[in-house]
Amino acid sequence: MTRAAFLAWCHPDLLEERLLHASALWQVKAALAAPAADLPPPARWPLSHLEWGGCLLAVASARASEQRPASFRLGDRSLRAQLFCLLDPGERAARSLGIDPLDPEQWRFWLVPFHQLHPDRQSIGVSALMRAHGEGLSHEDLGAALDAMVC
């Protein structure tokens, strides 16, 4: 038996909220090339915290869906910024590759300083996030954006 077979048996639904959020943080860890000890698995979901380079960020995850627009809860405003992680397989799912939260190409990210978010807002939808902050970052651009945030 392989490790992958065990995970498929034990956690067959990676789209379940807790595992989706863990997958989002795994993508962030991979983008930063961070050792596992530097980024522990989330204790809460779909909103948790991440410390990187002495900077504490809120991290929220969501999944794009045709049935219901994705929305993110906002974290504590005393933090520096919020990282929004959206699983959006888009064309990949249409090409029968399926939805895979462990595929970095199926994620988009937004790193937004809290001062750029309305202070009374408790959540934000993907449409509003895109109108205000663009199409988001790819996995390959995320590490540089996070490193620039902490400098």
Subject >> CH2 on Trp52 to CG on Leu146, rounded to 0.5 Å >> reply: 8.5 Å
Original post:
Are any non-hydrogen side-chain atoms of Ser61 and Glu17 less than 4.5 angstrom apart?
Top reply: no
Subject >> Closest contact, heavy atoms only, Pro42 versus Ala22 >> reply: CG-CA, 4.0 Å
Original post:
Do Leu50 and Leu20 sit in the same hydrophobic cluster, where Ile, Leu, Val, Met, Phe, Trp and Tyr count as joined when their side-chain heavy atoms come under 4.5 Å apart?
Top reply: yes
**OP:** Please check if Leu117 and Leu79 belong to a single hydrophobic cluster, counting links between Ile, Leu, Val, Met, Phe, Trp and Tyr side chain heavy atoms closer than 4.5 Å.
**Re:** yes
Original post:
For the hydrophobic clusters of this structure (ILVMFWY residues joined by side-chain heavy atoms under 4.5 Å, transitively), does one cluster hold both Leu83 and Trp107?
Top reply: yes
Subject >> Any donor-acceptor N/O pair, Arg108 side chain to Glu135 backbone, under 3.5 Å >> reply: yes
**OP:** Treating Ile, Leu, Val, Met, Phe, Trp and Tyr as nodes and any side-chain heavy-atom pair under 4.5 angstrom as an edge, say whether Trp45 and Leu102 lie in one connected cluster.
**Re:** no
Subject >> Leu32 reachable from Leu25 in the ILVMFWY side-chain graph, under 4.5 Å edges >> reply: yes
Original post:
How about Arg121 and Arg77: do any of their side-chain heavy atoms sit closer than 4.5 Å?
Top reply: yes
**OP:** Drop me the distance from Leu57's CG to Asp76's CG, to the nearest 0.5 angstrom.
**Re:** 12.0 Å
Original post:
Counting only heavy atoms not in Gln122, do more than 12 fall under 6.0 Å of its CD?
Top reply: no
Original post:
Under 3.5 Å, side chain of Gln27 to main-chain N/O of Pro101, donor-acceptor pair present?
Top reply: yes
Original post:
Is there a side-chain contact between Val59 and Cys85 (heavy atoms, below 4.5 Å)?
Top reply: yes
Original post:
Side chains of Leu111 and His133: closer than 4.5 Å at any heavy-atom pair?
Top reply: no
Original post:
Hey, is the main chain of Gly75 close enough, under 3.5 Å, to the side chain of Gln82 for a donor-acceptor pair?
Top reply: yes
Original post:
Do side-chain atoms of His49 reach the backbone of Leu56 as a donor and acceptor pair under 3.5 angstrom?
Top reply: no
Original post:
Where the side chain of Trp110 meets the backbone of Gly134, is there a donor-acceptor pair that is under 3.5 Å apart?
Top reply: yes
Subject >> Closest non-hydrogen atom pair between Ser71 and Ala62, with its separation >> reply: O-CB, 3.7 Å
**OP:** Could you label the plane-to-plane angle of the Phe84 and Phe72 rings as parallel, tilted or perpendicular, counting under 30° as parallel and over 60° as perpendicular?
**Re:** perpendicular
Original post:
Is there side-chain contact between Leu129 and Leu86, with heavy atoms separated by less than 4.5 Å?
Top reply: no
Original post:
Do Gln106 side-chain atoms and Gly98 backbone N/O form a donor-acceptor pair below 3.5 Å?
Top reply: yes
